[in-house]
There are 2 protein chains.
Amino acid sequence: MPPRKRADAVRNEQTLLTAAAEVFVRSGVDAPIREIAAEAGVGMGTIYRHFPTRADLVVAVYRHQVEACAEAGPTLLSTSDSAFAALRAWIDLFVDFLVTKHGLANALQSDSSGFESLHAYFLDRLGPVCESLLSAAAEAGEIRDDVRPFELMRGIGNLCIGRDDDPRYDPRRLISLLLNGLTVRRS
Amino acid sequence: MPPRKRADAVRNEQTLLTAAAEVFVRSGVDAPIREIAAEAGVGMGTIYRHFPTRADLVVAVYRHQVEACAEAGPTLLSTSDSAFAALRAWIDLFVDFLVTKHGLANALQSDSSGFESLHAYFLDRLGPVCESLLSAAAEAGEIRDDVRPFELMRGIGNLCIGRDDDPRYDPRRLISLLLNGLTVRRS
DNA sequence: GAACGATACGGAGCACTGTTCCGCTTTGTC
DNA sequence: GACAAAGCGGAACAGTGCTCCGTATCGTTC
């Protein structure tokens, strides 16, 4: 009994996740469905069919982003000029992801058990990736070696809270400064 | 130089605060402006003139309710059959007020300094009122005498979090049970 | 490769909301 | 009573969520 999904449906679902992620970063998790549909180049009906509620979509994007972020770690490490450059690039992806993560709380609007499990999934999956980037940069002598993944991810997460309250507040700038602070300098 | 407010404007503002409070309890702080206008029997323009943004309205209702709640304490105490009955009635008002209070965080959406000061105002004003009701009931031998206003208000506040997540969750019921738990019984 | 359900798609259309704007009404003053 | 000024109401517009169904595409069977 294999009523398998049609190929175009599978394709659309992937397209949607990617498009939604991009729109979330640009316009927040409350972005109009129309905008996401336009970005993905599909009709609104398609979105509602795949993700009946906004929470469904946000959760799916969240998982998708965690996975993409996790896979990007090793890739960046092997293609970047330096481990520190890889770390910077990875953090940039991570910040994009945080928009979705912070939107999750509102989207789930109380389902705290669901939220907890998604949060645990996030830590399990990304903690080690962050760790490997930190270790590589530390071993290359580019940054200090006493920074733990948890504190870094948590700190960056907190820097991103309230990002759209005030146009003068730019989390990415502060994060960049923070990363500068990790580097080892010859004096 | 007395460009005093016109009498009808003053009247409308009061009407609006009362109506908005009621609608907030019924439909939450995100209730449509139209609904509030209808409840108050005024046009939508009137609301926007008095309270340009939703945050303005929520803050005004908040202050109004804190005041009403504070004034209701002594009144209830002198008109109720017992101090405990007065306490119950007061808590009921207090729960209505909490809807507004919890909506405040969203409405202020980050202005944490403004939020802090409103929170302090609330504690200063209502703490003593709650205290007097507790003392009266304790002195009448109706409830135990080791309950502090802060813990009670805080506990009730927490019971009201997530009130509209699940229709099976009824904070007022639990609060009623909690109050029962305060009573002194002959065994 | 032709034919034909089954599956999925797109987007017009409806319902509902926030916000503005201006003709009309009420108020206060002389 | 007359007349600005202040205030009011709600029609009108714009943006959004969500549904529904005619149409297009896919996968399967011969």
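Letters A, B, ... mirror the listed sequences (proteins, then strands); counts begin at 1.
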Does a side-chain N or O of A:Thr46 approach OP1 or OP2 of C:dA8 to a distance below 4.0 Å, or not? no
Within the pair B:Arg54 and C:dG18, is there a side-chain N or O less than 4.0 Å away from OP1 or OP2? yes
Quick note, A:Met44 side chain, CB onward, closest among D:dT16, C:dG13, C:dT27 is C:dG13
Donor-acceptor contact below 3.5 Å, side chain A:Arg54 vs main chain A:Val29: yes
Report the distance from atom CD1 of B:Ile33 to atom P of D:dA11, rounded to the nearest whole Å. 17 Å
Verify, without hydrogens or angle tests, whether A:Ser80 (side chain) and A:Leu77 (backbone) share a donor-acceptor contact under 3.5 angstrom. no
Please check if any side-chain donor atom of A:Asn12 sits under 3.5 Å from a side-chain acceptor atom of A:Thr15, or the reverse. no
Donor on one side chain, acceptor on other, A:Thr183 and A:Asn180, under 3.5 Å: no
d(OH, A:Tyr48; C1', C:dG13) in whole Å: 14 Å
Check the distance between C:dT19's C1' and B:Ile36's CD1 and give it to me in whole angstrom. 14 Å
Using the side-chain heavy atoms of B:Arg49, tell me which of these nucleotides is nearest: C:dA8, D:dG17, D:dC8. D:dC8
For A:Asn12 and C:dA8, is the shortest distance between a side-chain N/O and OP1 or OP2 below 4.0 Å? no
Nearest-nucleotide check on DNA chain D, A:Pro32 vs A:Gly45; residue mapping nearer the 5' end is A:Pro32
Phosphate OP1/OP2 of D:dG15: any A:Arg34 side-chain N/O under 4.0 Å: no
When rounded to whole Å, the CZ to C1' distance for the pair B:Arg11 and C:dT26 reads 10 Å
Given D:dG7, is OP1 or OP2 found less than 4.0 Å from the side-chain N or O atoms of B:His50? no
Is the side chain of B:Ser135 donor-acceptor paired with the backbone N or O of B:Glu131 at a distance under 3.5 Å, no angle test? yes
Taking atom P of D:dC18 as reference, at what distance in whole Å does atom CZ of A:Phe51 sit? 15 Å
Which is true for B:Ala7 with a 4.0 Å heavy-atom rule: it touches a base, it touches only sugar-phosphate, or it touches nothing? sugar-phosphate
5' priority, DNA chain C, between B:Asp8 and A:Ala9 [closest heavy atom]: A:Ala9
Starting at atom CG of A:Asp30, determine the distance to atom C1' of D:dG15, rounded to an integer number of angstrom. 14 Å
Per nearest nucleotide of DNA chain C, the residue lying toward the 5' end, B:Ala31 or A:Val42, is A:Val42
To the nearest Å, give me how far apart CD1 (B:Ile47) and P (C:dG18) are. 10 Å
